[in-house]
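Everything on this sheet refers to the single structure shown next.
Convention: sequence-line order gives letters A, B, ...; per-chain numbering from 1. Keep in mind that the numbers below use all heavy atoms, side chains included, and drop hydrogens, waters and symmetry copies. Note that the structure is a prediction, hence the values are computed from the model and not measured.
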Number of protein chains: 2
Amino acid sequence: MKNEIANEYINLIPNLFSSFSELNKNSVALTHIQSHVIEFVYMQKRALNLKEISSGLEIAKQQLTNIIADLEVRGYLVKAPDTKDKRAVLVSLTPKGEEIEREKWAEIYGRFSKSLDRLNDEEKVDLNFALHKVNVLLKKMEE
Amino acid sequence: MKNEIANEYINLIPNLFSSFSELNKNSVALTHIQSHVIEFVYMQKRALNLKEISSGLEIAKQQLTNIIADLEVRGYLVKAPDTKDKRAVLVSLTPKGEEIEREKWAEIYGRFSKSLDRLNDEEKVDLNFALHKVNVLLKKMEE
DNA sequence: GTATTTAGTAATAATTTTATTACTAATATT
DNA sequence: AATATTAGTAATAAAATTATTACTAAATAC
């Protein structure tokens, strides 16, 4: 049973991959790595310190000093001291930074809505229910 | 209804994002861009020409000439002339190239199986059913 | 059938990313 | 309390990526 579920999960990822590829598309002038940083912070939905970004994206923390500084100057993110760990700095997106991501998602959203037409009404109800269930349960598993 | 489904879909992506991040982890010595190329070809599950990879990853086709050549020399992929379009070249992964991806997926699989324990039996059944449904319907939508 | 567009290759310079070493200040270990 | 580890910064050289221009051969448009 457990294996069966894990296999379904693994299959899910390529099914979503086309949407993920969409995330490469940049409207503003960001380098690939800058995009990834913004995307990473956005996806985590919380402020992150440099170490977390560094290990999450497999890039050296020394690089991040510059990358973050540039993104901060350009108004995409802000740094704030971590009160829990006084060595650390917490990075979060500004509204301007979040806007970049939202634009990408709007396109994904649009494309998806369009291909929904290929399903009949019963299938749409099923998909809605199944997606909701998956989201609820995956979230529970994270806790 | 359509909006409701699209929203569930959009929510799904961040729920899978932690798994996607895992895909950054390289066991062999590949540059980030080389990894992305291999991952992209793997995800599409078919041979691709350079243009498709180029536009899918938002990198110039001129770059790919070198990247692909290097990956070919190192045995991760092969090029074959496209019989349909004699200008084009079709790139596909060798067993060695596929192995790189499979290793990453094995880890994702393992992690997922572990966190499955946080669900009770009924939830597991539900998740299995829902994931299966989502996969079937998403695939149908692609057609 | 000629003109235009497209897929791929090639070479170069500019920019970005990576790797290395070193340092400060705060935290964790003992 | 001394010691080791960790988060972040900084500077530099090496390597990888990006941008630009130009070219060939095949496909497409007219």
Side-chain angles (χ1 to χ4, degrees), chain A residues 21 23-41 44 46-74 76-93 97 100, chain B residues 21 23-41 44 46-74 76-93 97 100:
Chain A
S21 292
L23 295 174
N24 291 322
K25 272 78 181 175
N26 261 329
S27 47
V28 294
L30 295 174
T31 66
H32 277 173
I33 228 179
Q34 287 176 329
S35 284
H36 284 140
V37 168
I38 289 182
E39 179 182 302
F40 189 74
V41 176
Q44 302 295 325
R46 64 185 179 85
L48 302 171
N49 65 36
L50 298 210
K51 188 68 212 309
E52 291 170 315
I53 301 171
S54 161
S55 53
L57 294 177
E58 293 264 297
I59 57 177
K61 61 174 185 173
Q62 295 93 322
Q63 269 181 269
L64 280 178
T65 298
N66 299 314
I67 293 168
I68 298 289
D70 184 48
L71 289 174
E72 191 180 22
V73 167
R74 294 166 69 188
Y76 296 116
L77 48 79
V78 285
K79 297 202 292 188
D82 183 345
T83 52
K84 300 265 179 60
D85 184 340
K86 287 182 182 171
R87 295 169 305 177
V89 170
L90 292 174
V91 170
S92 51
L93 296 185
I100 290 179
Chain B
S21 292
L23 295 173
N24 292 321
K25 271 78 180 177
N26 263 328
S27 47
V28 294
L30 294 174
T31 67
H32 277 172
I33 228 179
Q34 287 176 329
S35 284
H36 284 140
V37 168
I38 289 181
E39 180 182 300
F40 189 74
V41 176
Q44 301 296 325
R46 66 186 177 84
L48 302 172
N49 65 37
L50 298 211
K51 187 67 211 310
E52 291 170 316
I53 300 171
S54 160
S55 54
L57 293 177
E58 294 264 296
I59 58 177
K61 62 177 184 172
Q62 295 93 322
Q63 270 182 269
L64 279 178
T65 298
N66 299 314
I67 294 168
I68 298 290
D70 184 48
L71 290 174
E72 190 180 23
V73 167
R74 294 166 69 188
Y76 295 117
L77 48 80
V78 286
K79 296 201 294 190
D82 183 345
T83 52
K84 300 262 179 60
D85 183 341
K86 286 183 182 172
R87 296 169 304 179
V89 171
L90 292 175
V91 171
S92 52
L93 296 185
I100 289 179

Reading nucleotides 17-29 of chain D 5' to 3', which nucleotides get B (base under 4.0 Å from a protein heavy atom), which S (sugar-phosphate only), which -?
-> SB-BB----BS--
Starting at [atom1] of [X] and ending at [atom2] of [N], how long is that distance when rounded to a whole Å?
| X | N | atom1 | atom2 | result |
| --- | --- | --- | --- | --- |
| A:L50 | C:dA26 | CG | P | 16 Å |
| A:N66 | C:dT16 | CG | P | 11 Å |
| B:L30 | D:dA15 | CG | P | 17 Å |
| A:L90 | D:dG8 | CG | C1' | 12 Å |
| A:K51 | D:dT5 | NZ | P | 14 Å |
| A:E52 | D:dT6 | CD | P | 15 Å |

To the closest 0.5 Å, what do you measure between [atom1] ([X]) and [atom2] ([Y])?
| X | Y | atom1 | atom2 | value |
| --- | --- | --- | --- | --- |
| B:L77 | B:L71 | CG | CG | 5.0 Å |
| B:L64 | B:D70 | CG | CG | 12.5 Å |
| A:R74 | A:L30 | CZ | CG | 5.5 Å |

Ionic contact status for A:R87 with A:D85, cut-off 4.0 Å =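 Yes, charged N to carboxylate O under 4.0 Å.
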Within the distance-only criterion (no hydrogens, no angle test), does the side chain of A:E52 pair as donor or acceptor with the backbone N or O of A:N49 below 3.5 angstrom?
->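 Checking the backbone N and O of A:N49 against the side chain of A:E52, a donor-acceptor pair under 3.5 Å is found.
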Verify the contact: side-chain N or O of B:K79 to OP1 or OP2 of C:dA7, cut-off strictly under 4.0 Å; return yes or no.
->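 For B:K79, the contact criterion (side-chain N or O under 4.0 Å from OP1 or OP2 of C:dA7) is not met.
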May I ask you to test the A:I33-A:Q63 pair for a side-chain heavy-atom distance under 4.5 Å?
->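 Yes, side chains in contact.
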